[in-house]
Amino acid sequence: MVVCLSIYPKKSLQLYLASMNSKSLSSNPCRKTSFTRRFLRALAEIRREEPNSSSHVDISRRCQRIKVAAYASMASAVGSKRAWSRAMICKVRNRAICRASMRQKIKISKWKKAVANKHRRDVNQEDELRRLVPGGKSMDFCKLLEETAHYIKSLTTQVQVMRSIADYYST
Amino acid sequence: MSGSRRSEASPLTQDEINDLVLKSQELLPEIRRRAATGVTASEILKEICNYIKRLKREVDGLSQRLSELMASIGTNSREEEILRSLLMQE
């Protein structure tokens with residue numbers, strides 16, 4: 001596919017090409033190292049605070065904490081230079097501050113929305129992408145693509161590191 | 001300050017389509033194999049959404065696995081060892 005680059009003044013295209021110069025999809029050693037350190041520290045804290053049992057309830061609760069820690073660690077490692085990471089950091093902070101009753105109300109309204117959406121004939125893919133990428137609801141389309149590219153790279157790194165840690169402790 | 005919305009009926013501008021195809025061709029190896037023409041923007045967006053959902057499911061699975069392994073993660077953090085073995089995988 002031939003693309004005439006000279007007709008694209010779009011900042012997003014230039015940024016995208018610049019980001020492509022950083023080798024492969026998930027290699028950013030600084031971000032990877034930073035994420036790993038933060039995540040391992042979070043795991044140690046969870047280990048200290050949670051009961052060391054194998055009951056279904058405890059495993060489930062630890063699992064939830066680990067998942068939140070993973071996303072939070074990655075968002076912190078990326079820092080405030082990305083819209084998605086800023087949105088994620090806010091979400092994690094609000095989650096901690098939010099009272100239980102507020103959380104329940106939000107849950108119910110989300111469930112109602114999901115039920116309403118199920119009846120829609122077509123799924124608008126752009127809307128779905130906006131839901132999947134943190135902060136996606138308030139970006140223009142080009143920005144959304146940019147953020148999506150970076151978000152996917154970070155998620156890939158996150159998965160890679162989590163798998164390595166799990167493998168390491170499995171042996 | 002909501003982002004620009006468009007219904008499925010109104011097409012993307014040519015700029016946006018090219019932008020989208022360029023980005024996604026790098027992101028998703030499977031799209032490279034398809035012809036550049038004939039792949040609609042909607043299909044590409046759908047692939048991207050599915051890919052993100054798949055990554056999130058993997059995070060869920062790994063969190064579950066780590067939770068089960070938690071007992072054996074000792075209080076002595078073998079951080080440096082893990083970091084070394086990770087960076088060697090690059």
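By convention in this document, chain letters (A, B, ...) are assigned in the order of the sequence lines, proteins followed by strands, and residues within each chain are numbered from 1. All values derive from a computational prediction rather than experimental measurement.
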Would [X] end up clustered with [Y] when hydrophobic side chains under 4.5 Å apart are linked, directly or stepwise?
| X | Y | result |
| --- | --- | --- |
| A:L145 | B:L55 | yes |
| A:Y169 | A:I46 | yes |
| A:W84 | A:V92 | no |

- [ ] Evaluate the side-chain contact (heavy atoms from CB on, under 4.5 Å) criterion for residues A:D167 and B:R65: first the C-alpha distance (whole Å), next the side-chain angles of each, then the deciding distance (0.1 Å), finally the verdict.
- [x] CA-CA 10 Å; A:D167 288 344; B:R65 202 172 138 199; 2.6 Å; yes
Task: Proximity breakdown for A:S53 and chain B, heavy-atom pairs closer than 4.5 Å - done: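 Answer is neither: A:S53 stays 4.5 Å or more from chain B.
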Task: Toward chain B, the part of A:F35 with a non-hydrogen atom under 4.5 Å - done: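 For A:F35, neither part sits under 4.5 Å from chain B.
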Task: Crowding at NZ, B:K56 (>12 non-hydrogen neighbours, <6.0 Å) - done: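 Yes, the 6.0 Å shell around NZ holds more than 12 heavy atoms from other groups.
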Could you tell me the separation between the [atom1] atom of [X] and the [atom2] atom of [Y], rounded to the nearest 0.5 Å?
| X | Y | atom1 | atom2 | answer |
| --- | --- | --- | --- | --- |
| A:D127 | B:L45 | CG | CG | 10.5 Å |
| A:E126 | B:C49 | CD | SG | 10.0 Å |
| B:I52 | A:E128 | CD1 | CD | 9.5 Å |
| A:M162 | B:D60 | CE | CG | 8.5 Å |

Open item on the list: Looking at every non-hydrogen atom in both residues, tell me the closest pair between B:M70 and A:L43 and how far apart they are.
Closed with: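 B:M70 and A:L43 have their closest heavy atoms at CE-O, 3.4 Å.
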TODO: Tabulate, in ascending numerical order, the residues of residues 63-77 of chain A having at least one heavy atom closer than 4.5 Å to a heavy atom of chain B, or enter 'none'.
DONE: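 Those residues of residues 63-77 of chain A which have a heavy atom under 4.5 Å from chain B are A:C63, A:I66, A:K67, A:Y71.
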Task: side-chain contact (heavy atoms from CB on, under 4.5 Å) between A:Q125 and B:I44, intermediate numbers included - done: CA-CA 9 Å; A:Q125 291 300 333; B:I44 294 178; over 6 Å; no
State, with a plain yes or no, whether a side-chain heavy atom of [X] is found less than 4.5 Å away from one of [Y].
| X | Y | value |
| --- | --- | --- |
| A:L132 | B:I48 | no |
| B:R54 | A:L155 | no |
| A:I59 | B:Q64 | yes |

Open item on the list: Using side-chain contact (heavy atoms from CB on, under 4.5 Å), reason through A:I165 and B:L62 one step at a time and then give a plain yes or no.
Closed with: CA-CA 10 Å; A:I165 295 177; B:L62 286 166; over 6 Å; no
Open item on the list: Between A:R61, A:Q158, A:R163, who has the most heavy-atom pairs with chain B when the cutoff is under 4.5 Å?
Closed with: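 Sorted descending by pairs with chain B, the first entry is A:R163.
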